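All remarks here apply to the structure that follows.
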2 protein chains.
Amino acid sequence: MTSTENHNLENHSSQMRKGILEFCILLIIRTTPGIYAPDILRRLKDIDMIVVEGTIYPLLSRLKRENILEYSWEESMSGPPRKLYALTPKGKDMLGQLVLNWKSLSSSITSLLRHE
Amino acid sequence: MTSTENHNLENHSSQMRKGILEFCILLIIRTTPGIYAPDILRRLKDIDMIVVEGTIYPLLSRLKRENILEYSWEESMSGPPRKLYALTPKGKDMLGQLVLNWKSLSSSITSLLRHE
DNA sequence: GCATAGTACTTTGTATTGCAAGGTACTATG
DNA sequence: CATAGTACCTTGCAATACAAAGTACTATGC
């Protein structure tokens, strides 16, 4: 495999994630309110979504700025304080809508897959 | 609803599509080899994926350049000639991989949704 | 007290993607 | 020849994900 082809494959894999990433993060936070960034990264890794800090921190900041997420501080025994994230009411509404979008998209793709 | 909030909603809806778009286009072409761009746009619209020309033409060109798609020309009675797209063998391999990725992602999200 | 390592969060620069808007070129119609 | 319809392409912009480097807090070893 050439380095170009390798780059293409990585590129396509990462493209598949785009947009879905934010959706997954919101789902994880809804499932586990009070979670902090490193644990979100671990949960994403568990579902084969490798994401790095430089991706997730600006995303969490933006969602906070947009009043979709809120956080509280927690002192840590082993390092700097942690930001514990939870959905705001607006975030819950938005996630509800995203879930509907996901189900619609997922069902359309399933129907395209039926032609395999 | 303020214009800012409206912008956010549109933004989030469009983000949900990112990356999935290429996957859907490849699925559509596999289902209907010899399809041309305006018909791909119509099929995307049918599954609630509104996409514009300025998005799809550069994407198709890139996939051609990467040897994932190929096309042949067809004369048209009612305008300029059309590019009829089909998957190359490499494109079929890649789509097969993307389908596996999709199934894995989809099953992970389904499991996150179970906590609703 | 001070250097080191580990943890948590942040910032900067770059590449890629999708979109809006506008452009080129072909055909049919009046 | 002008207009409308169709098909394809290009340009400039905003948003996202990443790599890499930076800041700041705590615990440990000396």
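Throughout, a chain's letter reflects where its sequence line sits, starting with A, and its residues are numbered from 1. Because the structure is a prediction, the values reported are computed rather than measured.
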Item to complete: Round to a whole Å and report the spacing from CG of L63(A) to P of dA15(D).
Response: 14 Å

Fill in: Candidates dC19(C), dC18(D), dA7(D) - which lies nearest the side chain of V52(A)
dC18(D)

Worksheet item: Taking CD from E53(B) and P from dG5(D), how many angstroms apart are they, rounded to a whole number?
Response: 15 Å

Discussion item. Rounded to whole Å, please give me the gap between OH in Y85(A) and P in dA8(C).
Written reply: 13 Å

Practice prompt. Indicate whether OP1 or OP2 belonging to dC9(D) is found under 4.0 Å from a side-chain N or O atom of Y57(B).
Written response: no

Worksheet item: Phosphate oxygens OP1/OP2 of dG5(D): is one of them under 4.0 Å from a side-chain N or O of S78(B)?
Response: no

Worksheet entry | Residues R42(B), D39(B): salt bridge by 4.0 Å N-O rule | yes

Item to complete: In whole angstrom, give the distance that lies between atom CD of E74(A) and atom P of dT7(C).
Response: 16 Å

Worksheet item: Nearest nucleotide by nearest heavy atom, which residue falls closer to the 5' end of DNA chain D, S61(B) or S76(A)?
Response: S61(B)

Worksheet entry | For atom CD1 of I40(A) and atom P of dT7(C), their distance in whole Å | 18 Å

Worksheet item: dT28(D) pairs with which nucleotide, Watson-Crick or G-U wobble, both distances below 3.5 Å?
Response: dA3(C)

Discussion item. Let me spell it out: for each of P58(A) and P80(A), pick the nucleotide of DNA chain D with the closest heavy atom. Which residue's pick is nearer the 5' end?
Written reply: P58(A)

Worksheet item: Any sub-3.5 Å donor-acceptor pair from K64(B)'s side-chain atoms to Y85(B)'s backbone N or O?
Response: no

Discussion item. Reading DNA chain C from 5' onward, which residue's closest nucleotide shows up sooner: T55(B) or P81(A)?
Written reply: P81(A)

Worksheet item: So do T32(A) and R43(A) actually touch side chain to side chain, heavy atoms under 4.5 Å?
Response: yes

Worksheet item: OP1 or OP2 of dA7(D) less than 4.0 angstrom from a side-chain nitrogen or oxygen of Y36(B), does that happen here?
Response: yes

Practice prompt. Establish, with yes or no, whether the OP1 or OP2 oxygen of dT17(C) is under 4.0 angstrom from a side-chain nitrogen or oxygen of R62(B).
Written response: yes

Worksheet entry | Which residue lies more 5' along DNA chain C, comparing I56(B) with W73(A) via nearest heavy atoms | W73(A)

Worksheet entry | Whole-Å distance separating the CG atom of L21(A) from the P atom of dT16(D) | 11 Å

Fill in: Atom pair distance, as rounded to whole Å: CZ in R82(A) and P in dG6(C)
16 Å

Worksheet entry | Side chain to side chain, T88(B) and L69(B), heavy atoms closer than 4.5 Å | no

Worksheet item: Rounded to whole angstrom units, what separation is found between the CD atom of E75(B) and the P atom of dA28(C)?
Response: 11 Å

Worksheet item: Could you state the interatomic distance from CG (N101(A)) to OG (S106(A)), rounded to the nearest 0.5 Å?
Response: 12.0 Å

